[in-house]
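Take a look at the structure set out below.
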Amino acid sequence: DQLSGRETGTRGGDLAALYIVSACAGLGLSPVGSSYFQVVDLEKSLITGPGTEFRVTGPAGSHTFDYPDAFLPNAGLAPPNGFSGPAVYGATSDDLLAAGAPPVAGAVAVIGGMLGRDADDSLRARGAAGLVQLTADRQQYLLFVRSRGDARLRLADSTITRSLSAALPSAVAGPDLSRRLLDAVGASRTGAISLPDSVTVRVSFERRPVKSSNVLCLLPGLDPRLR
């Protein structure tokens, strides 16, 4: 495959952009300004094993779990970053957001099952410090690891305003870590409860600049007054 997966900032990604430009030109679409390309400066952060850890502290003592065997940093963890706080468990995100659920302000939301579509924004709005998604199946966890990879991209210019809200810092827990967090939940794993444990996630990155390009094409309208 010449495009090598089309990863941003790679030769495959540049070739994909050229293909889109040729398609735009073939359709008679005009560039915006003098070029079809809009250069975007990015920063690529590679997660490194040393310094990346998930610590659970509670009545049973303090236990540290390593990346990537036991957990995977997920969204909202651009460097330097991590999150910490007392753990609050919900069988689903809806349980954590229901009336009468323990407050999540300053806490780490630990979700055992389904994560609702708007859960991230709702938990952030209520002041959650972070989110941990539990997995019971090793193959399911490894699918997360393969699909997310060990690199994260963000805009190099932090002053640029985004149309999307920033993601709540989150991590995916592998089966061993998930069992450790569920020890205090007991046999009944429905509803929402405050756990006796606190959670600390630390992520270490190696960073490098990456240049990429968006492709912008203009389709002229038919009304001459708007040209």
Side-chain angles (χ1 to χ4, degrees), residues 1-26 29-55 64-85 108 120-121 123-124 128-133 141-174 199-218:
D1 181 3
Q2 270 192 322
L3 302 185
S4 303
R6 303 182 297 280
E7 182 180 357
T8 301
T10 67
R11 179 177 178 274
D14 293 339
L15 286 173
L18 284 171
Y19 175 82
I20 296 172
V21 167
S22 66
C24 289
L29 304 180
S30 303
V32 177
S34 60
S35 174
Y36 286 102
F37 295 104
Q38 178 191 53
V39 176
V40 180
D41 291 318
L42 301 170
E43 182 181 82
K44 185 174 185 177
S45 302
L46 183 69
I47 302 170
T48 59
T52 298
E53 63 180 26
F54 191 117
R55 182 177 301 124
T64 300
F65 297 83
D66 296 327
Y67 161 82
D69 186 61
F71 84 102
L72 173 70
N74 197 23
L77 285 169
N81 226 315
F83 57 89
S84 62
V108 174
D120 186 290
D121 289 341
L123 289 168
R124 174 179 282 277
L131 169 67
V132 177
Q133 177 77 50
Y141 173 68
L142 292 176
L143 180 60
F144 273 112
V145 173
R146 288 192 297 270
S147 62
R148 291 294 288 137
D150 58 1
R152 305 290 182 266
L153 287 170
R154 68 170 180 171
L155 291 170
D157 186 352
S158 60
T159 65
I160 295 176
T161 301
R162 298 177 46 173
S163 59
L164 298 175
S165 60
L168 182 67
S170 67
V172 178
V199 166
T200 301
V201 176
R202 293 285 177 262
V203 185
S204 178
F205 295 92
E206 290 179 359
R207 291 172 279 179
R208 66 177 180 86
V210 171
K211 282 194 178 294
S212 184
S213 294
N214 289 333
V215 177
L216 300 180
C217 302
L218 181 65

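Below, all heavy atoms of this structure are taken into account, side chains as well, without hydrogens, waters or symmetry copies.
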Which pair of non-hydrogen atoms, one from [X] and one from [Y], has the smallest distance, and what is that distance?
X      : Y      : value
Ser45  : Arg207 : OG-CG, 3.5 Å
Val210 : Thr8   : CG1-O, 4.4 Å
Arg152 : Asn74  : NE-O, 3.3 Å
Ser84  : Thr200 : CB-OG1, 3.7 Å
Pro31  : Leu218 : O-CB, 4.4 Å

Who passes side chain to side chain contact (heavy atoms under 4.5 Å, CB included) against Asn214, sequence neighbours left out?
-> Gln38, Val40
Listed by chain and number, what are the side chain to side chain contact (heavy atoms under 4.5 Å, CB included) partners of Ala128, not counting sequence neighbours?
-> Val104, Leu123, Leu168
Inter-residue atom distance [X].[atom1] - [Y].[atom2], 0.5 Å rounding:
X      : Y      : atom1 : atom2 : answer
Phe205 : Glu43  : CZ    : CD    : 9.5 Å
Ser147 : Leu142 : OG    : CG    : 10.5 Å
Ser212 : Asp41  : OG    : CG    : 10.0 Å

Side chain to side chain, [X] and [Y], heavy atoms closer than 4.5 Å:
X      : Y      : result
Leu131 : Val108 : no
Ile47  : Tyr67  : yes
Phe71  : Val201 : yes
Leu18  : Phe37  : yes
Pro169 : Arg124 : yes
Leu155 : Leu42  : yes
Tyr141 : Val172 : yes
Tyr36  : Ile20  : no

Gln133: side chain to side chain donor-acceptor pair (under 3.5 Å) partners, not counting sequence neighbours | none
So, Thr52 versus Ser204: side-chain donor-acceptor pair below 3.5 Å or not?
-> no
Trace of the side-chain contact (heavy atoms from CB on, under 4.5 Å) decision for Phe54 with Asp66 | CA-CA 6 Å; Phe54 191 117; Asp66 296 327; over 6 Å; no
Are the charged groups of Arg55 and Glu53 less than 4.0 angstrom apart, N to O?
-> yes
